[in-house]
Enquirer: 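Below is the structure I would like to discuss, written out as structure tokens.
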Amino acid sequence: MKADEVITLENIVLDYPRKKKGIGMFREYLTGRVKRRARKDRWLRALNGIDLSINTGEVVGLIGPNGSGKSTLLRVIAGIYAPDEGKIRTKGRPTLLAGVGTGFQQDLTGRENIKLTASIYGLSKKETAAIEEPVIDFSGIRDFIDDPIRTYSSGMKARLGFAIISSLNPKILLLDEVMSVGDHEFRKKSRARIEELVQGEATVVIVSHSKSILKSMCSKVYGIEKGKIVTDGDLESAFEFYESEKE
């Protein structure tokens, strides 16, 4: 791993069982009870020989059709999924924000979820108190912060989630389809916040179907198809690949 590399993936391979679904499948997969001697047609190769290096301060995008492996790759980087083959190295703890409201306790208020998330990430009560008001201000949902999360719209959940995670000043920030949620002003604030994190030597990886978001934020964008990286990081090449896949 070179000095300026923060994320290094070498020949990452990950298979999913085709038949089983839901938590039962993941329990068997993670505990090794799934028989790997099963016929190949019972397995889906979600990632197929991924090689990727990302340096300090880069904002890198991943684009591709649904089911191409983008979100799975983020979860491998985050340490949620262990690859079947290959090596992954990261400098610093990756922080993943995936989907709208992922990780929130639906019956707790927004304020209570701020405190809960902060505690999960190891912040002290003093540190949590220090970020609480800035998070509320950034999210722009102060009038609803003491209402249960289950009453929030998808945009409100996304705004609060991004406000919390970005306030933790992560060294590696992974964003899965969250930048396109919310109004124009909030997306503008989010881009500015990511620029602040990058100036502080954070590294950001963004999964998105939005070319405009990736083009405005990323220095490199990789196209992914059938679990493989198929472009070299050039933005226009990645976008041309994505458009050809939609035809």
Side-chain angles (χ1 to χ4, degrees), residues 21-23 26-27 59 61-62 66 70-72 74-75 77-81 92-198 200 202 204-210 212-214 216-217:
K21 297 181 179 179
I23 192 169
F26 284 107
R27 185 183 298 116
V59 182
L62 303 175
N66 291 332
K70 306 181 300 298
S71 296
T72 300
L74 276 198
R75 283 156 178 77
I77 296 172
I80 295 171
Y81 298 163
R93 176 181 178 179
T95 300
L96 172 65
L97 181 58
V100 176
T102 301
F104 284 145
Q105 296 298 311
Q106 298 299 310
D107 289 328
L108 297 183
T109 67
R111 189 186 305 275
E112 289 168 337
N113 271 284
I114 294 173
K115 295 176 179 178
L116 176 62
T117 304
S119 69
I120 290 171
Y121 281 93
L123 272 66
S124 66
K125 289 184 178 180
K126 183 177 180 179
E127 290 170 329
T128 300
I131 69 167
E132 184 175 325
E133 288 302 312
V135 164
I136 295 170
D137 286 338
F138 189 94
S139 69
I141 58 170
R142 180 173 293 277
D143 290 346
F144 308 95
I145 200 63
D146 292 308
D147 294 341
I149 284 285
R150 56 181 163 76
T151 67
Y152 286 17
S153 68
S154 60
M156 291 165 65
K157 291 177 183 177
R159 289 162 70 158
L160 182 59
F162 182 84
I164 296 171
I165 293 300
S166 64
S167 74
L168 302 176
N169 293 316
K171 289 302 181 183
I172 302 174
L173 178 59
L174 311 174
L175 301 173
D176 189 359
E177 295 290 2
V178 297
M179 296 307 299
S180 59
V181 181
D183 58 27
H184 173 74
E185 285 303 312
F186 186 77
R187 290 196 295 271
K188 186 177 178 180
K189 285 171 59 177
S190 299
R191 286 195 291 270
R193 178 59 179 145
I194 286 178
E195 289 173 3
E196 289 177 14
L197 292 172
V198 169
V204 183
V205 184
I206 302 173
V207 164
S208 179
H209 288 281
S210 171
S212 62
I213 288 174
L214 295 177
S216 67
M217 301 182 69

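We use all heavy atoms of the structure for the numbers below, so side chains are in, but hydrogens, waters and symmetry mates are not.
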Enquirer: What's the spacing between I194 CD1 and K189 NZ if we round to 0.5 Å?
Expert: 13.5 Å
Enquirer: Going by the side-chain hydrogen bond (donor to acceptor under 3.5 Å, both in side chains) test, which pairs reach into residues 162-173, not counting sequence neighbours?
Expert: N169-R193
Enquirer: In terms of side-chain geometry, is the basic nitrogen of D176 or R75 positioned less than 4.0 Å from the acidic oxygen of its partner?
Expert: yes
Enquirer: What's the spacing between S71 OG and E177 CD if we round to 0.5 Å?
Expert: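 Atom-to-atom, S71:OG and E177:CD are 6.5 Å apart.
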Enquirer: List the residues meeting salt bridge (Lys or Arg N to Asp or Glu O under 4.0 Å) with R142, not counting sequence neighbours, and say none if there are none.
Expert: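 Residues passing salt bridge (Lys or Arg N to Asp or Glu O under 4.0 Å) with R142: E133, D137.
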Enquirer: If the condition is side-chain hydrogen bond (donor to acceptor under 3.5 Å, both in side chains), which residues does S208 pass it with, not counting sequence neighbours?
Expert: none
Enquirer: Looking at residues at least two apart in the chain, or sitting in another chain, which of them share a side-chain hydrogen bond (donor to acceptor under 3.5 Å, both in side chains) with T95?
Expert: none
Enquirer: List for me each residue that meets side-chain hydrogen bond (donor to acceptor under 3.5 Å, both in side chains) alongside S119, sequence neighbours excluded, and say none if there are none.
Expert: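 Expected list: none.
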Enquirer: Going through the checks in order, is the side-chain contact (heavy atoms from CB on, under 4.5 Å) test met by L173 and L168?
Expert: CA-CA 10 Å; L173 178 59; L168 302 176; over 6 Å; no
Enquirer: Only one of I149, I136, T117 clears side chain to side chain contact (heavy atoms under 4.5 Å, CB included) with L160; which?
Expert: I149
Enquirer: Pair H209, L214 - check side-chain contact (heavy atoms from CB on, under 4.5 Å), show working.
Expert: CA-CA 8 Å; H209 288 281; L214 295 177; over 6 Å; no
Enquirer: With side chains defined as the heavy atoms from C-beta onward, is the minimum distance between I206 and L62 less than 4.5 Å?
Expert: no
Enquirer: I need the M217 CE to S210 OG distance, nearest 0.5 Å.
Expert: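 Answer for the CE-OG pair, M217 versus S210, is 10.5 Å.
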Enquirer: With side-chain contact (heavy atoms from CB on, under 4.5 Å) as the test, would you mind laying out the steps for F162 and V135 before giving the verdict?
Expert: CA-CA 9 Å; F162 182 84; V135 164; over 6 Å; no
Enquirer: Please enumerate all residues that pass side-chain contact (heavy atoms from CB on, under 4.5 Å) together with S216, with sequence neighbours excluded.
Expert: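 Residues passing side-chain contact (heavy atoms from CB on, under 4.5 Å) with S216: R191.
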Enquirer: How would you list, by chain and number, every residue that makes a side-chain contact (heavy atoms from CB on, under 4.5 Å) with A202, sequence neighbours excluded?
Expert: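 Partners of A202 by the side-chain contact (heavy atoms from CB on, under 4.5 Å) criterion, ordered by chain and then number, come out as L197.
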Enquirer: Going by the rule side-chain contact (heavy atoms from CB on, under 4.5 Å), which residues pair with E112 if we only count those two or more places apart in sequence or in a different chain?
Expert: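 Partners of E112 by the side-chain contact (heavy atoms from CB on, under 4.5 Å) criterion, ordered by chain and then number, come out as L108, T109.
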Enquirer: So which atom in A78 and which in P94 form the shortest heavy-atom distance, rounded to 0.1 Å?
Expert: CA-CB, 3.9 Å
Enquirer: Can you pull the salt bridge (charged side-chain N to carboxylate O under 4.0 Å, His left out) pairs that have at least one residue in residues 113-131, sequence neighbours excluded?
Expert: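 Every candidate salt bridge (charged side-chain N to carboxylate O under 4.0 Å, His left out) pair involving residues 113-131 fails, so no pair, neighbours aside, qualifies.
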Enquirer: Hey, does N113 have a side-chain heavy atom less than 4.5 Å from the side chain of Y152?
Expert: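 With C-beta onward as the side chain, the pair stays apart.
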Enquirer: Check whether any side-chain heavy atom of V207 lies under 4.5 Å from a side-chain heavy atom of L175, and answer yes or no.
Expert: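 They are not in side-chain contact.
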Enquirer: Would you call K157 and Q106 a side-chain contact if the rule is heavy atoms closer than 4.5 Å?
Expert: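 Yes, their side chains come closer than 4.5 Å.
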Enquirer: Applying the side chain to side chain contact (heavy atoms under 4.5 Å, CB included) criterion to I164, which one of F104, Y121, F138 satisfies it?
Expert: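 That would be F104.
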Enquirer: Can you sort out the partners of D143 under side-chain hydrogen bond (donor to acceptor under 3.5 Å, both in side chains), two or more places apart, ordered by chain and number?
Expert: none
Enquirer: Working to the nearest 0.5 angstrom, can you tell me the gap between S190 OG and E195 CD?
Expert: 11.0 Å
Enquirer: Do I145 and I114 come close enough that some side-chain heavy atom pair is under 4.5 Å?
Expert: yes
Enquirer: Who pairs with P148 by side-chain contact (heavy atoms from CB on, under 4.5 Å), at least two apart in sequence or on another chain?
Expert: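 side-chain contact (heavy atoms from CB on, under 4.5 Å) check on P148 returns R150, T151.
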